[in-house]
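Working notes for the structure below.
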Amino acid sequence: MKIIKEYVKNKKEEIFNLVKNLDIEIKLVIIQVNNDPASDAYIRGKLKDLNEVGIKGELIKLEVNTTQDELLKLINKLNNDSTVTGFIVQMPLPKHIDEELIKRSISPDKDVDGFNVLSKFNPATPNGIVTYLKDNNYHFESKNALVIGRSNIVGRPMAEMLLKENMNVTILHSYTKKEDLKFYVEHANLIIVAVGKPHFLTNDFKFNEDTIIFDVGINRINGKLVGDCDENLNVKFQSPVPGGVGLLTRLSLILNLLEVYNNGI
Ligand code: NAP
């Protein structure tokens, strides 16, 4: 497996060279309806990435007392604006706004975050992981995949995507018994951990020699960013935190935008 940081850097250079020769401007709009510092940081990262590859990024930051109707009107406007290639609504939304309704109102053609169930795109995190594996010529077929966590943005779509690659897929969750967790971890070739708990996977498990792990978790311990896995697990490859799945997720958004462009929408 290529080092994720280098892989993403190379992909961004390729995209920059491609985008600079296009006759049309590619543009992403980000709608934010919160004052959440974590969201601010994610958005800064996304805008920086876009800038680096020559794609226009625009942030529309609304007051937290914006009504659901006002937000729906803006979404409708962006759905119909031909100068907008794609757009995303940064989560979380204020409590008075129905998140599911908002997700469903984004045009499936422009929903580059893959939030709408009808979206043409897979959610960014699982899509980033599968794209990376494919670019590394990973052989998926008939291998055992283990997905730990079943959220709508990571675990479930991840399992669905790996199933499409003809893997044997198991999903575990908070009701899984410890002894079953051990069994599945020790029989897996590919593990995706998206739990949100540090030290969830440690070298107490007897991993397969060929096991590859993607650590999706983001946890803070005394201000330090860590994943769900201990560092240096006895496996063939483990994605680092930071500098791992987060970078793949951000790249995935750009790849989805290019796909909207390629589809001529
Ligand atoms: P989430 O909605 O909180 O889901 C966590 C999942 O973990 C749930 O399905 C939960 O099971 C399961 N779980 C909790 N304790 C468990 C246990 N002891 N054994 C097995 N499963 C357990 O979180 P999420 O949105 O999927 O995110 C997961 C982590 O990834 C978080 O740390 C988040 O910050 C991070 N994340 C990172 C990126 C990135 O780009 N790097 C993107 C998205 C998320 P139940 O369903 O039974 O409750």
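Nothing fancy with the numbering, it's 1 onward along the sequence. Start at 1 and go down the list; that is how both ligands and their atoms are numbered. Small disclaimer: the values here were computed from a predicted structure and weren't measured. Excluded from the calculations below are hydrogen atoms, water molecules and symmetry mates; all remaining heavy atoms, backbone and side chain alike, are included.
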Quick one: do Asn168 and Asn144 satisfy side-chain hydrogen bond (donor to acceptor under 3.5 Å, both in side chains)? Show the steps, please. CA-CA 5 Å; Asn168 313 316; Asn144 298 331; 2.8 Å; yes
Given the ring of Tyr7, does Lys2 sit roughly above its face, with NZ or CZ under 6.0 Å from the centre of the six-membered ring and within 45° of the axis?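 The answer is no, since Lys2 fails at least one limit relative to Tyr7.
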Can you list every protein residue that has a heavy atom under 4.0 Å from any atom of ligand 1, sorted by chain and residue number?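 Residues near ligand 1: Thr125, Ile148, Gly149, Arg150, Ser151, Ile153, Val154, His173, Ser174, Tyr175, Ala194, Val195, Gly196, Lys197, Phe200, Val216, Gly217, Ile218, Val245, Gly246, Thr249.
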Flag side-chain contact, heavy atom, 4.5 Å: Asp40 against Gln32: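 The answer is yes, as the side chains (C-beta and beyond) meet within the 4.5 Å cut-off.
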Do Tyr184 and Leu172 come within less than 4.5 Å of each other through their side chains, counting heavy atoms only?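 A side-chain contact under 4.5 Å exists here.
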Common cluster, Tyr138/Val216, ILVMFWY with side-chain heavy-atom separation under 4.5 Å: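 Same cluster: Tyr138 reaches Val216 through Ile, Leu, Val, Met, Phe, Trp or Tyr contacts under 4.5 Å.
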Same cluster for Val84 and Leu47 if Ile/Leu/Val/Met/Phe/Trp/Tyr side chains link at under 4.5 Å?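 Yes, one cluster joins them.
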